[in-house]
There are 2 protein chains.
Amino acid sequence: MEIRIGDLAKRSGCEVVTIRYYEKEGLLPKPARSGGNFRLYGEAHIERLQFIRHCRSLDMTLSEIRALLGLRDNPMQDCGEVNTLLEAHIQQVEMRVSALLQLKRHLVDLREKCSGSRSVEACGILQGLGNRNCHGESATNSQTSG
Amino acid sequence: MEIRIGDLAKRSGCEVVTIRYYEKEGLLPKPARSGGNFRLYGEAHIERLQFIRHCRSLDMTLSEIRALLGLRDNPMQDCGEVNTLLEAHIQQVEMRVSALLQLKRHLVDLREKCSGSRSVEACGILQGLGNRNCHGESATNSQTSG
DNA sequence: AAAAACTCTATAGTCGCTATAGAGTCAAGT
DNA sequence: ACTTGACTCTATAGCGACTATAGAGTTTTT
């Protein structure tokens, strides 16, 4: 049962280029090749890629996933590390959510400022954005993204 | 009242390289130069950069900010576009928040799965991640990031 | 046999910076 | 005058997780 990269892409819901990218990054092992140099994948690859995609759908970084795969590949190790990794990831997500909620509050405040005046010149939103002592610096950006 | 790039960076709370980057991207106009080819900034630059940084602290993309600056520079236009842009940005943030909350639910579910077993082999978390019919594909990633 | 669909490698682009290399400028101290 | 140090300059590469493109080869369908 050997499938080519396009079929693997369909089965795992990701793009062909992404699979090649994962291979280059060492997340997927190099597969066998056909006579015409096409990649040939088997069950193990399919399952591993689905694992990766599932982790990605949970917004884990490739380096987190690499760590999990490493643990999976050495099943004798302690399970605690898996827990630790997951715990850290949950915390990251929580932080990102609260940062975004605060951000949204600022944006909604700003929306209120538009009095409905027609000219940009008088627009309270733009004035609010130019106002330096309004919110101060709140860096919202984090690692959790795509 | 002319200041150099380092002072402008301090006043606006961003790095020197970032200022040069904004110039290259056309968000800040090219400033005058000193005899020794150093950039010299005035009030208008300071205010404009603070506007940009404020927008960035609200997680707007540079292209959104470019649009706002464009509106600001043509004060005769209708204010409606500013509203539209802000509204769209708020919606993006809302979508990102709800995606992240759903994501967190999945992660917390997963955390429950660890029965405290010692070996990775038996770890319910890794098993949960390998399970394909668990959550399906939920693409959480968005443009809102840093 | 020809056309369509697939695959290959290699390279560059996305976004908003950050980091580096190597050179030039300027003010203060000796 | 000379050195030190802090600042500035340009140009280029890197981050993460892809996406897009070019140009070639392979397989399948018509």
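So that the names make sense, note that chain A is the first sequence line, chain B the second, and so on, each numbered from 1.
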Do [X] and [Y] sit in one hydrophobic cluster, given that two such residues count as connected whenever their side-chain heavy atoms are within less than 4.5 Å of each other, even indirectly?
X        : Y       : result
A:Ile3   : A:Ile5  : yes
B:Leu100 : A:Met95 : no
B:Leu49  : B:Leu40 : no

Measure [atom1]/[X] against [atom2]/[N] and give the value in whole Å, please.
X       : N      : atom1 : atom2 : value
B:Glu23 : D:dT10 : CD    : C1'   : 12 Å
B:Leu40 : D:dC7  : CG    : P     : 16 Å
B:Ile5  : C:dC26 : CD1   : P     : 15 Å
B:Glu2  : C:dC26 : CD    : P     : 14 Å
A:Lys24 : C:dC8  : NZ    : P     : 14 Å
B:Ile52 : C:dC17 : CD1   : C1'   : 14 Å
B:Lys30 : D:dC9  : NZ    : P     : 13 Å

Pairwise 5' ranking along DNA chain D for A:Glu15 and B:Arg33, keeping only the more 5' one: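 So the residue in question is B:Arg33.
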A:Arg20 side-chain N/O to C:dT7 phosphate OP1/OP2 under 4.0 Å: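 The answer is no; no side-chain N or O of A:Arg20 sits under 4.0 Å from OP1 or OP2.
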D:dA17 OP1/OP2 closer than 4.0 Å to side-chain N/O of A:Thr18: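 It does not, given that no N or O in the side chain of A:Thr18 lies less than 4.0 Å from OP1 or OP2 of D:dA17.
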Check: A:Glu64 side chain, A:Thr61 main-chain N or O, donor-acceptor pair, under 3.5 Å: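 Between the backbone of A:Thr61 and the side chain of A:Glu64 there is a qualifying donor-acceptor contact (under 3.5 Å).
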Sidechain-backbone polar pair: B:His89 side chain, B:Leu58 backbone, donor-acceptor under 3.5 Å: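 Yes; at least one donor-acceptor contact below 3.5 Å.
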Residue whose closest nucleotide on DNA chain C lies nearer the 5' end, A:Tyr41 versus B:Tyr22: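 Between the two, 5'-proximity favours A:Tyr41.
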Got [X] and [Y] here, is their nearest side-chain heavy-atom distance under 4.5 Å?
X       : Y        : answer
A:Val97 : A:Leu101 : yes
B:Glu87 : B:Asn83  : no
B:Met60 : A:Leu107 : yes

Under 3.5 Å, which protein N or O atoms sit close to an N or O of nucleotides 13-15 of chain C? Give each pair with its distance.
none

Any residue meeting salt bridge (charged side-chain N to carboxylate O under 4.0 Å, His left out) with B:Glu2, in chain and number order, not counting sequence neighbours: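 If we apply the salt bridge (charged side-chain N to carboxylate O under 4.0 Å, His left out) test to B:Glu2, skipping adjacent residues, there are no hits.
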Salt-bridge contact A:Arg66-A:Asp73 (side-chain N to carboxylate O under 4.0 Å):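 A salt bridge is absent here (no side-chain N lies under 4.0 Å from a carboxylate O).
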Which atom pairs, one a donor and one an acceptor, fall under 3.5 Å between side chains of residues 13-30 of chain A and the rest of the protein, sequence neighbours left out?
unit_1  : atom_1 : unit_2  : atom_2 : d
A:Tyr22 : OH     : A:Arg53 : NH1    : 2.6
A:Glu23 : OE1    : A:Arg39 : NE     : 2.8

Base-contact (B) and sugar-phosphate-only (S) positions in nucleotides 24-30 of chain D, heavy-atom cut-off under 4.0 Å, - elsewhere: -BSS---
Touch class at under 4.0 angstrom, heavy-atom based, for B:Arg39 against every strand present: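 Sugar-phosphate, backbone atoms only, no base.
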Sugar-phosphate, base or nothing in reach of A:Glu25, heavy atoms under 4.0 Å: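 A:Glu25: no heavy atom of the nucleic acid under 4.0 Å.
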Taking only nitrogen or oxygen atoms into account, show me every contact under 3.5 Å that the protein makes with nucleotides 20-23 of chain C, one pair per line with its distance.
none

Those residues that, when tested against B:Phe51, pass side-chain contact (heavy atoms from CB on, under 4.5 Å) (two or more places apart):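 A:Leu126, A:Leu129, B:Cys55, B:Leu68, B:Leu69, B:Arg72.
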